[in-house]
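Take a look at the structure below.
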Amino acid sequence: MMTSAPRLLFVVNQLGFFVSHRLPLALAAQAKGFQVHVATAPSDAAADMVALGITHHAVPLQRGGFNPLSDLRLLWSLLYLFLRLRPHVLHLVTIKPVIYGGIAARCMRVPGVIMAISGLGFVFIQKGGLSRALQSFVQQLYRLAVGGDRVRVIFQNQDDCETFQAFTHLRKQQTLLIPGSGVPLSLYQYTLEPTGGVVVTMAARLLIDKGVFEFIAAAEQLHARGVMARFCLVGDLDPDNPSTCTPADLQRWREGGVVEVLGHCADIPALFSNSHIVVLPSYREGMPKVLLEAAACGRAIVTTDVAGCRDAIEPGITGLLVPARDASALAHAIEQLILDPAMRKSMGLAGRRKAECEFDIAQVVSRHLQLYSEVVA
């Protein structure tokens, strides 16, 4: 197991998420001389990692909720993995890997720990007494995870950074702001709008807190007013997330006939090339990758004035902001863009320029590699 190459271990909830959001970074680190490992929940695609020279480790990671027994199993599994592998750099991504990987790293005194906070999650969106109690519990776990000078925490927006610092007392010099996981601009290319009727697309996991119900309601309002456009909802249900929509919801929307419910799409560049407007009415995000991809493709955006979403656009220049949970305001903003092709073109061009300056995956990878080198040194 021991070699002269420094060992970099990613811990991520699912292998699919690692491939979609971190694989280019892992391959770049490998090219720089790191021995790359990734620990996720068991996956049938683990053999694909072996073919790339990346060692996969299966750990008992369940995304949904907090279950004391399963979470203790995860913690024990990570303790054993860190003891056996002795990573030089640990990169923890998503909530449970950050919390339990951070606690295990403190116990095993891992030399360098990098945590990626890509959003504070469902717990911090919900309101009410039970949610506040759960937030307090999660905050205590985060405080345990981030203790020590070895930790560096990457945030995708300033709101999350300030919120996290307030309840963990993390020092400013331990934080770093990197806007998202980057976009491969050669793949997500600027294209002119397609001819024909306007296509309005929402592409996301089908969660209530992504604003799916507001998107459906806005489409229904515009349809009732005679505003002509195709409304497309793209994405899968997420049964492990307590905010998931249901199969009954999908069936009702299909029967309503106003919104086309298209399911999963593997080719997002083609999806956006065939769209005119991209919509994400989320309640809170880290830095939504779908909006970075939409900007790179030169598409006007409508999104909400919440953490993460507002950081992905320049209001009035690359897209429009609306209040969260407000279907009428969302409908009004979409209607503006449906009726104004010149505005859409201007915003699309400005979005592409923003993507080239801020969202290029090469820049994101370079900043991470620099951080890895600092940690190893």
Side-chain angles (χ1 to χ4, degrees), residues 5-40 45 48-56 87-94 97-98 101 110-119 151-158 160-161 174-190 268-269 272 285-297 308 311-312 351-377:
R7 288 177 294 281
L8 166 63
L9 172 62
F10 291 88
V11 184
V12 189
N13 54 14
Q14 292 181 321
L15 190 56
F17 183 87
F18 171 77
V19 170
S20 64
H21 287 72
R22 293 295 187 277
L23 183 58
L25 172 57
L27 295 176
Q30 191 180 65
K32 285 289 186 180
F34 284 87
Q35 182 189 116
V36 179
H37 299 250
V38 58
T40 73
D48 297 337
M49 295 298 99
V50 176
L52 294 171
I54 298 172
T55 305
H56 180 264
H88 298 88
V89 183
L90 187 61
H91 193 152
L92 307 171
V93 185
T94 61
V98 164
V110 175
V113 181
I114 297 167
M115 299 176 174
I117 305 295
S118 55
V151 174
R152 300 292 181 272
V153 186
I154 298 171
F155 296 92
Q156 296 188 346
N157 66 70
Q158 191 62 40
D160 283 351
C161 182
Q174 292 180 273
T175 67
L176 184 66
L177 202 63
I178 299 179
S181 52
V183 180
L185 296 179
S186 60
L187 178 61
Y188 290 84
Q189 296 187 350
Y190 176 83
I268 298 298
F272 288 165
E285 295 283 334
M287 178 66 74
K289 187 179 181 185
V290 69
L291 296 188
L292 312 190
E293 294 166 340
C297 292
D311 301 272
R352 176 65 188 190
R353 288 194 294 270
K354 184 176 179 67
E356 290 172 347
C357 292
E358 300 178 26
F359 305 145
D360 185 357
I361 196 168
Q363 298 175 26
V364 173
V365 167
S366 177
R367 293 185 70 184
H368 279 86
L369 292 180
Q370 181 181 356
L371 186 56
Y372 293 165
S373 298
E374 291 172 2
V375 167
V376 170

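Side chains are part of it too, since the values below use all heavy atoms of this structure and drop only hydrogens, waters and symmetry mates. The chain is numbered in sequence order, starting from 1.
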Least distance between heavy atoms, [X] atom then [Y] atom:
| X | Y | value |
| --- | --- | --- |
| Arg152 | Leu371 | CG-CD1, 4.3 Å |
| Pro87 | Pro111 | O-CD, 3.4 Å |
| Lys354 | Phe359 | CE-CZ, 3.7 Å |
| Arg352 | Ala296 | NH1-O, 2.8 Å |
| Tyr188 | Glu293 | OH-OE2, 3.1 Å |
| Pro288 | Gly308 | CD-O, 3.6 Å |

Is the closest side-chain heavy-atom distance between [X] and [Y] below 4.5 Å?
| X | Y | value |
| --- | --- | --- |
| Val98 | Ile117 | yes |
| Val93 | Arg22 | yes |
| Gln14 | Thr40 | no |
| Leu90 | Leu9 | yes |
| Val376 | Phe34 | yes |
| Leu8 | Gln35 | no |
| Val19 | Met49 | yes |
| Ile114 | Ile154 | yes |

Report task. Give the C-alpha distance, both sets of side-chain angles, the deciding distance and a yes or no for side chain to side chain contact (heavy atoms under 4.5 Å, CB included) between Val290 and Phe272. Result -> CA-CA 10 Å; Val290 69; Phe272 288 165; 3.4 Å; yes

Could you grab the distance from atom [atom1] of [X] to atom [atom2] of [Y], nearest 0.5 Å is fine?
| X | Y | atom1 | atom2 | value |
| --- | --- | --- | --- | --- |
| Asp160 | Met287 | CG | CE | 9.5 Å |
| Ile178 | Asn157 | CD1 | CG | 13.0 Å |
| Cys297 | Leu187 | SG | CG | 8.0 Å |
| Leu52 | Leu27 | CG | CG | 6.0 Å |
| Ser366 | Asp360 | OG | CG | 10.0 Å |
| His37 | Phe10 | NE2 | CZ | 11.5 Å |

Report task. Take Arg7 and Val89 through the test side chain to side chain contact (heavy atoms under 4.5 Å, CB included) and record every step on the way to the result. Result -> CA-CA 6 Å; Arg7 288 177 294 281; Val89 183; over 6 Å; no

Requested in this report: With sequence neighbours left out, write down each residue that passes ring pair (Phe, Tyr, Trp, His ring centres under 6.0 Å) with Phe17, or none if nothing qualifies.
Outcome: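 Checked Phe17 against ring pair (Phe, Tyr, Trp, His ring centres under 6.0 Å); matches are His21.
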
Report task. Mind running side chain to side chain contact (heavy atoms under 4.5 Å, CB included) on Leu176 and Val153 for me, showing each step along the way? Result -> CA-CA 6 Å; Leu176 184 66; Val153 186; over 6 Å; no

Look only at the side chain of [X] and the backbone of [Y], and say whether a donor-acceptor pair between them is shorter than 3.5 Å.
| X | Y | answer |
| --- | --- | --- |
| Gln156 | Leu177 | no |
| Lys32 | Ser373 | no |
| Glu358 | Ala355 | no |

Report task. Would you check if there is a donor-acceptor pair between the side chains of His91 and Tyr372 at a distance under 3.5 Å? Result ->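 Yes, side-chain donor-acceptor contact under 3.5 Å.
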
Query raised in the report: Under 3.5 Å, is there a donor-acceptor pair between the Gln370 and His368 side chains?
Result: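 Checked: Gln370/His368 side chains show no N/O donor-acceptor pair below 3.5 Å.
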
**Report entry** Intermediate values then yes/no, side chain to side chain contact (heavy atoms under 4.5 Å, CB included), Phe18 and Leu23
**Finding:** CA-CA 6 Å; Phe18 171 77; Leu23 183 58; 4.0 Å; yes

Requested in this report: Give me the one residue out of Asp48, Val50, Leu15 that meets side chain to side chain contact (heavy atoms under 4.5 Å, CB included) with His56.
Outcome: Leu15

Query - Any residue meeting salt bridge (Lys or Arg N to Asp or Glu O under 4.0 Å) with Glu374, in chain and number order, not counting sequence neighbours - result: none

